[in-house]
Protein chains: 2
Amino acid sequence: MNQPRIQGRHAGLNRDQILEAAVALIDAEGRRALSMRRLAQELGVEAMTLYHYVRNKGALEDAIVEHVLAESVEEPDGDGSWQEVLADYARALHRGLLAHPGVVPLFATRPALTPRGVRTLEDLLGILTDAGFTPRTALTMVHATAACVLGQHVGRGDEDAEEATASALPAGEDLPLMRAALADGVPGLEERFQIVLTALVSGYEATLSG
Amino acid sequence: MNQPRIQGRHAGLNRDQILEAAVALIDAEGRRALSMRRLAQELGVEAMTLYHYVRNKGALEDAIVEHVLAESVEEPDGDGSWQEVLADYARALHRGLLAHPGVVPLFATRPALTPRGVRTLEDLLGILTDAGFTPRTALTMVHATAACVLGQHVGRGDEDAEEATASALPAGEDLPLMRAALADGVPGLEERFQIVLTALVSGYEATLSG
DNA sequence: ACCTGAACACCGTTCAAGT
DNA sequence: ACCTGAACACCGTTCAAGT
């Protein structure tokens, strides 16, 4: 990556290389490590070079979000109940965010889900409307579900914030239920994801029959 | 706020003033405007002065999150079904985030919900365990619900990212369901919050009877 | 105790210039 | 076309010094 190179010569850079390097940098050193200068260095190039491929840092962050989404969420295969298809979609997003925890905060700032991937969305809407939801309700459900999944990942901060919660319990106070709840360890991300997904799907079912 | 003041004299600053100024600054100019130097200027003080009240910028951000939470979520009153109490909790958080959209990204980076407010949490657990949930499930439910609410707010970015979604629809493509879904305008934050809250509560109910 | 000034090692971004 | 160097207006944070 840090090969010296004759000045003024093409570096042979392209947009995807930049995005992959950016994601790799974030995965390795956290999102605070992502700066135009640092990323350029990682690519063996001067910072200004990057401005030939992205308008500015904001656009770079948008592109990173898109890149991670495109990598984890794929088009639903035709078969399976709407419940399974929606759950698969949620699980794919969940896995994508698990794989790149450092990019989660970028989702928090950037336009979010599916400026691209409209095709995937259309397919999802098809399956949901076939099940009896209106197009508008279906779209709201998909967006809402994605936002719930994202929400579970947000605020996990520097990994073991969860440990902190446990030890931050005021020593003196009388909090029997909190202590009982934490006896088998702090409920983690996976547990929250599971309970949310189950509840949402079963809640949407109730909407349909009600 | 910008009164001149004799150098070396006490500014009469305190932590709450700093936090309120910080939230006001974020509300007025967005979270990118929050810098130690800028906040200090707003308080008529030198940047370094702030370091007497907060360890560093990260600690300041944590404190802002706590401050907004404390302001919006209050202890549940004893009566009402667990469904109503949980919904009230979600609505309070929702309103708090609506009131301070600029702080939403801070929740995305910081340890999140309830380093303080453990009392509120204990009360919520009491109501949920009375209804038949185990303490651990109850805690997971509360955290998961809060994360879902937060998730709806995340990625709203600079307000009208939603408009962008509508106009970003590829002109040529055949997306009848997307277009039908968007015919009455893009489903907004409020609509997503509503559908999620309803689905979660009804989904949790199903867990209980199942 | 509380506040400041100068300094250090960083940022994103512009612009004109190199090959 | 693609890359660079210098410059501008910022950052967070340290440290020693003022009152």
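Lettering follows sequence order; numbering is per chain, from 1. Nothing here was measured: the structure is a model prediction, and the numbers come from that model.
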N/O (side chain, Ser35(A)) to phosphate O (OP1/OP2, dC11(C)) under 4.0 Å: yes

Rounded distance (nearest 0.5 Å) linking atom CD of Glu20(A) with atom NE2 of His67(A): 4.5 Å

Nearest-angstrom distance from the residue atom CZ of Arg32(B) to C1' of dT13(C): 12 Å

Closest listed nucleotide, where the reference is the side chain of Arg38(B) and the choices are dG12(D), dC11(D), dT4(D): dC11(D)

Identity of whatever pairs with dA6(C) - Watson-Crick or G-U, under 3.5 angstrom: dT14(D)

Closest nucleotide among dT4(C), dG12(C), dT4(D) to the Glu46(A) side chain: dT4(D)

Whichever of Arg37(A) and Ala47(A) has its nearest DNA chain D nucleotide further upstream toward 5': Ala47(A)

Ring geometry between Tyr204(B) and Trp82(B) (parallel below 30°, tilted from 30 to 60°, perpendicular above 60°): tilted

Donor + acceptor pair across side chains of His100(B), Glu71(B) (<3.5 Å): yes

Proximal nucleotide (of dG12(C), dT4(C), dT13(D)) relative to the Tyr51(B) side chain: dT13(D)

Whole-Å distance separating the NZ atom of Lys57(A) from the C1' atom of dC10(D): 14 Å

Whole-Å gap separating C1' (dT13(C)) and CG (Leu50(A)): 12 Å

Atom-to-atom span, NE2 of His52(B) to P of dT4(C) - whole angstrom: 9 Å

Nucleotide dC11(C), atom C1' - distance to CZ of Arg31(A) in whole Å: 15 Å

Heavy-atom neighbours of Glu75(A) CD exceed 12 at 6.0 Å: yes

Separation of atom OH in Tyr53(B) from atom P in dG12(D), rounded to whole Å: 19 Å

Between dG12(D) (P) and Asn56(B) (CG): distance, integer Å: 11 Å

Counter-base of dA1(C), judged by Watson-Crick or G-U geometry with both distances under 3.5 Å: dT19(D)

Flag for Thr137(A)-Thr140(A): side-chain donor and acceptor within less than 3.5 Å: no

Between P of dA1(D) and CG of Asn14(A), the distance in whole Å: 18 Å

Sugar-phosphate, base or nothing in reach of Met48(B), heavy atoms under 4.0 Å: base

